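Have a look at the structure below, then the notes.
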Amino acid sequence: MSIQKRQIGSLTVSALGLGCMGMSEFYGTTDEQTGIDTVRRALDLGVTFLDTADMYGPFTNEQLVGRAIAGRRDEVQLATKFGNERNPDGSWVGINGSPDYVARACDASLQRLGVDHIDLYYQHRVDRTVPIEETVGAMAGLVEAGKVRHLGLSEAGADTIRRAHAVHPITALQTEYSLFTRDLEDEILPTIRGLGIGLVPYSPLGRGILTGAIGTGSLEDGDFRSSNPRFQGEALDANLALVDKVREIAAAKGCTPGQLALAWVLAQGDDVVPIPGTKRVRYLEENVGAADVELTADDLASLEQAVPRDAVVGQRYPDMSSIDA
């Protein structure tokens, strides 16, 4: 296993990151110590780019990550997010990009993480009621105050990205990108590359379906994927048929389907740093193995043929209204 470094904007990170969300919520049962062990194992393997958000838990995932990196802060490129506002009981408040909230959210995240700065601070979702210039202006103030080193956006559209970048350099765009989700290739990817902004794909394994480990009725109670259109009924059947094709190619390459899918994302450019999420060490180690899977032009062509860009059935969220277009 070997993890190289990559440059996203002005930030150097491990070429593969770790999404920590599922350690606290959304993907069935959780265990804090198992999550902490997974983060620490990631650091040992050279996966030093960690991703969390204040809404995960809510709030508890940042605390978990903070405990996991205690004593090892200098090894970590730490990313967290604000903007999806929730109450302590988990109920939804709304998307909030107001300047005063930006400052309060950052201070709260710093306290929960137990650190004096955040390496990459994202707006989690675009607040359409607040001009992006005002939100990013407040985020830029955090940089000036030394609380944040780099700024990012998540699920922002091309026009929003350009307007934000004009206020303060944006280091990275985090958005969903995988063999199963490629709509950003039309406008968003050319836009960020033109501006020198890196891409941080979340759900690079299609929320786990590309690992080949998901089948009909296999999700735990409390797993939010149960309400996802891609994981229901005939859509799931059609999408699993695509996964079978990925499995065949992976077998020929001598790797797992998940490693093949991650290798495809890594092959999309040196400015692309996927953050597959997991809450278990064994899946982390499998994901890290993707860094050693080299794909030829023929391999890439085979994957394009096996999973045509528009072949996946179903929207990626039940409600797409929070996605900036």
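Keep in mind that this is a model prediction, so the values were computed, not measured.
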Mind listing the closest non-hydrogen atom pair of [X] and [Y] along with its distance?
X: Thr12; Y: Gln77; result: O-CG, 3.4 Å
X: His165; Y: Ile170; result: ND1-N, 3.0 Å
X: Pro318; Y: Pro229; result: N-CD, 3.7 Å
X: Met23; Y: Thr30; result: O-CB, 3.3 Å
X: Ile249; Y: Ala306; result: CD1-CB, 3.8 Å

What do you reckon, is CD of Glu75 surrounded by more than 12 foreign heavy atoms closer than 6.0 Å?
-> yes
Gln111 atom CD: more than 12 heavy-atom contacts under 6.0 Å =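 No.
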Fit a plane to each ring of Tyr177 and Trp264, take the angle between them on a 0 to 90° scale, and name the class: parallel (under 30°), tilted (30 to 60°) or perpendicular (over 60°).
-> tilted
Residue pairs passing the ring-ring contact (aromatic ring centres under 6.0 Å, His included) test where at least one lies in residues 63-82, sequence neighbours excluded |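 Only Phe82-Tyr121 qualify under ring-ring contact (aromatic ring centres under 6.0 Å, His included).
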Which residues satisfy the side chain to side chain donor-acceptor pair (under 3.5 Å) test with Asp74, sequence neighbours excluded?
-> none
Do Arg104 and Asp107 pass the salt bridge (Lys or Arg N to Asp or Glu O under 4.0 Å) test, and can you show the C-alpha distance, the side-chain angles, and the key distance before you say yes or no?
-> CA-CA 5 Å; Arg104 286 188 284 113; Asp107 286 344; over 6 Å; no
Working for salt bridge (Lys or Arg N to Asp or Glu O under 4.0 Å), residues Arg316 and Glu155 = CA-CA 12 Å; Arg316 54 195 182 95; Glu155 291 286 7; 2.7 Å; yes
